[in-house]
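Note sheet for the following structure.
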Amino acid sequence: MSALRPVRGTRDFLADDSRRRRLIEETALAIAAGYGYGEIATPIFEFTEVFARTLGDTSDIVTKEMYTFEDRSGERLTLRPENTAGVVRALLSNGLDQALPLKVFYAGPMFRYERPQKGRLRQFHQVGIEVLGIADALADVEVIAMGFDLLAALGVQGTVIVELNSLGDADSREAYRHVLVDYLSARRERLSADSLNRLERNPLRVLDSKDAGDREVVAAAPALGEFLNAPSRAFFARVCEGLDALAIPYRLAPRLVRGLDYYTHTTFEFVTEALGAQGTVLAGGRYDGLVAQMGGRPTPGIGWAAGVERLMMLLADAPPPRRPVAVIPFAAEQGIAALTIARRLRTAGHVAEVSLAGTVGKGMKWANRIGARAVPRSPSPVRSARG
RNA sequence: GCGGGAGUAGCUCAGUUGGCAGAGCACCGGGUUGUGGUCCCGGGUGUCGCGGGUUCGAAUCCCGUCUCUCGCCCCA
């Protein structure tokens with residue numbers, strides 16, 4: 001019994017689910033292609049190092065959520081928990097840093113050992129984009145616009161709002177981090193256990209705490225925005241100006257910080273109320289420090305990833321399959337003829353299904369059930385089956 | 001990883017103080033309808049999530065466990 005059900009946190013995509021997933025992936029691919037992005041498919045597993053080095057030794061993903069194993073030759077491998085590290089690794093592996101900028105789209109499964117919840121699976125799917133080699137804020141604007149275009153194309157942008165913030169450049173972020181740590185350390189006794197832990201590992205994330213006591217402390221904390229240096233402010237202003245010009249609505253979210261260490265400057269989340277606690281549907285930001293951290297020449301980057309299962313839940317209806325023409329043999333010996341007719345119909349661009357077993361009466365019932373548009377029969381060639 | 005809620009037929013769900021496991025839909029078989037949607041007849045299709053315990057007797061009470069789910073955490 002236990003072997004006959006899916007592993008915790010995994011699920012099957014039946015026909016309906018698969019049409020939803022393909023709609024999302026194909027829509028995302030089409031939009032990315034419209035912006036001139038090519039598709040990249042990196043391996044589903046990489047050396048553990050690829051993720052451990054890039055995601056930061058203190059991130060939850062690295063410390064407790066990775067599916068890591070040793071293969072038969074003793075290599076330490078990890079199922080990808082996200083795809084940015086893989087893209088950057090591919091950039092370096094293939095010498096693509098000689099041909100910047102690189103603009104890519106990807107889609108595929110990711111794996112994280114988390115406690116499953118609606119919209120949070122252990123094998124889940126993402127579509128995403130990355131732009132490497134562009135330091136200008138124009139790239140940030142374009143990338144956010146693409147996210148907006150995707151949600152609009154899926155018809156769900158009405159339920160989603162863009163939250164936007166800037167972490168500033170590395171200097172600004174570092175300067176603020178010191179100030180924040182000092183401030184929080186002086187108020188340790190008022191922080192939750194979770195936030196004390198964050199204070200050690202990733203202090204900026206305390207800003208995002210949902211604990212009421214933490215929020216009081218955070219409300220009076222020095223603001224990140226005030227510690228941005230002049231270039232960082234100018235950069236963020238340019239992003240906002242661009243979004244305004246493109247009429248992309250957003251909301252400034254001064255407390256929005258991302259969990260992964262490599263983010264700089266722009267950070268954003270497309271959030272919905274409709275999915276409860278797992279309401280972030282698409283998120284990303286700029287990661288100018290990442291390529292260098294992986295051992296390449298310093299190269300700016302920005303991108304986002306969207307959760308396919310979460311988008312699927314926002315989609316009102318699964319796109320219907322094309323209505324078929326049902327071909328029903330009049331008698332057993334006409335079966336081959338039915339297959340032949342069906343092939344001709346397909347050549348002519350129809351979806352055609354043959355009743356492969358059973359009586360004519362059963363075949364007609366089947367034709368109704370599958371919503372057939374017409375049923376070829378003799379003596380007349382076709383006759384409407386329903387609508 | 002932490003705290004709550006829930007698991008009964010393929011689906012949605014009833015099941016009283018512990019006393020023969022049920023309904024609707026779906027499905028299967030047969031018939032009717034000019035070879036079709038309607039209709040009629042017949043069929044319950046089940047490890048009551050799983051494993052223990054209490055009891056003459058457990059879907060029901062107790063313990064454990066698994067899964068889903070809500071929140072936290074984390075994040076897409």
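First the proteins, then the strands, lettered A, B, ... as listed; each starts at 1.
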[X]: what forms a side chain to side chain contact (heavy atoms under 4.5 Å, CB included) with it, not counting sequence neighbours?
X: A/Ile44; answer: A/Arg80, A/Pro109, A/Phe111
X: A/Ala221; answer: A/Leu180, A/Tyr183
X: A/Ser73; answer: A/Asp71, A/Glu75
X: A/Ala85; answer: A/Val50, A/Phe51, A/Thr54, A/Glu82

Exercise. So which pairs with a foot in residues 153-162 of chain A pass side chain to side chain donor-acceptor pair (under 3.5 Å), sequence neighbours left out?
Worked result: none
Problem set entry | Of all pairs that satisfy side chain to side chain donor-acceptor pair (under 3.5 Å), the ones with a partner from residues 294-309 of chain A, not counting sequence neighbours |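 As it turns out, the side chain to side chain donor-acceptor pair (under 3.5 Å) pairs with a partner in residues 294-309 of chain A, which skip direct neighbours, are A/His125-A/Glu309.
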Using Watson-Crick or G-U wobble geometry with both distances under 3.5 Å, which nucleotide pairs with [N]?
N: B/G29; result: B/C41
N: B/A6; result: B/U67
N: B/U17; result: none
N: B/C61; result: B/G53
N: B/C72; result: B/G1

Answer with yes or no whether the side chains of [Y] and [X] bring together a donor and an acceptor at under 3.5 Å.
X: A/Arg53; Y: A/Gln293; value: no
X: A/Thr280; Y: A/Glu269; value: yes
X: A/Asp214; Y: A/Ser195; value: yes
X: A/Asp171; Y: A/Asn229; value: no

Considering only the [atom1] atoms, how many Å lie between [N] and [M], rounded to the nearest integer?
N: B/G57; M: B/G19; atom1: P; value: 14 Å
N: B/G29; M: B/G51; atom1: C1'; value: 38 Å
N: B/G24; M: B/C41; atom1: P; value: 13 Å
N: B/A9; M: B/U17; atom1: P; value: 23 Å
N: B/G46; M: B/G22; atom1: C1'; value: 11 Å
N: B/C48; M: B/C11; atom1: P; value: 15 Å
N: B/G15; M: B/A6; atom1: P; value: 14 Å
N: B/C13; M: B/A59; atom1: C1'; value: 14 Å

Could I get a table of every N or O pair under 3.5 Å where one atom is in the protein and the other is in nucleotides 2-9 of chain B?
from : atom 1 : to       : atom 2 : distance (Å)
B/C2 : N4     : A/Arg115 : NE     : 3.4
B/C2 : N4     : A/Arg115 : NH1    : 2.9
B/G3 : O6     : A/Arg115 : NH2    : 3.0

Any side-chain N or O of [X] less than 4.0 Å from the OP1 or OP2 oxygen of [N]?
X: A/Gln278; N: B/A76; result: no
X: A/Lys118; N: B/U69; result: no
X: A/Lys210; N: B/G71; result: no

I need the [atom1]-[atom2] distance between [X] and [N], as an integer number of Å.
X: A/Leu14; N: B/C11; atom1: CG; atom2: P; answer: 11 Å
X: A/Leu207; N: B/C74; atom1: CG; atom2: P; answer: 12 Å
X: A/Arg122; N: B/U67; atom1: CZ; atom2: P; answer: 7 Å
X: A/Gln126; N: B/C75; atom1: CD; atom2: C1'; answer: 9 Å
X: A/Gln117; N: B/C68; atom1: CD; atom2: P; answer: 11 Å

Given [options], the nucleotide with the shortest approach to the side chain of [X]:
X: A/Arg8; options: B/C72, B/C68, B/A76; result: B/C68
X: A/Pro116; options: B/C68, B/G1, B/C75; result: B/C68
X: A/Arg198; options: B/G1, B/C73, B/G71; result: B/C73
X: A/Arg310; options: B/C74, B/C75, B/C72; result: B/C75

For this session: Could you tell me whether A/Gly279 contacts a base, only the sugar-phosphate backbone, or nothing, with contacts defined as non-hydrogen atoms closer than 4.0 Å?
Result: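 No contact at all - A/Gly279 keeps every heavy atom at 4.0 Å or more from the nucleic acid.
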Exercise. When all nucleic acid strands are considered with a 4.0 Å heavy-atom cut-off, which category describes A/Gly119: base, sugar-phosphate, or nothing?
Worked result: base
Show each protein N/O and nucleotides 25-32 of chain B N/O combination with a separation under 3.5 Å, one pair to a line.
none

Problem set entry | With sequence neighbours excluded, residues passing ring pair (Phe, Tyr, Trp, His ring centres under 6.0 Å) with A/Phe47 |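 Partners of A/Phe47 by the ring pair (Phe, Tyr, Trp, His ring centres under 6.0 Å) criterion come out as none, since no residue qualifies.
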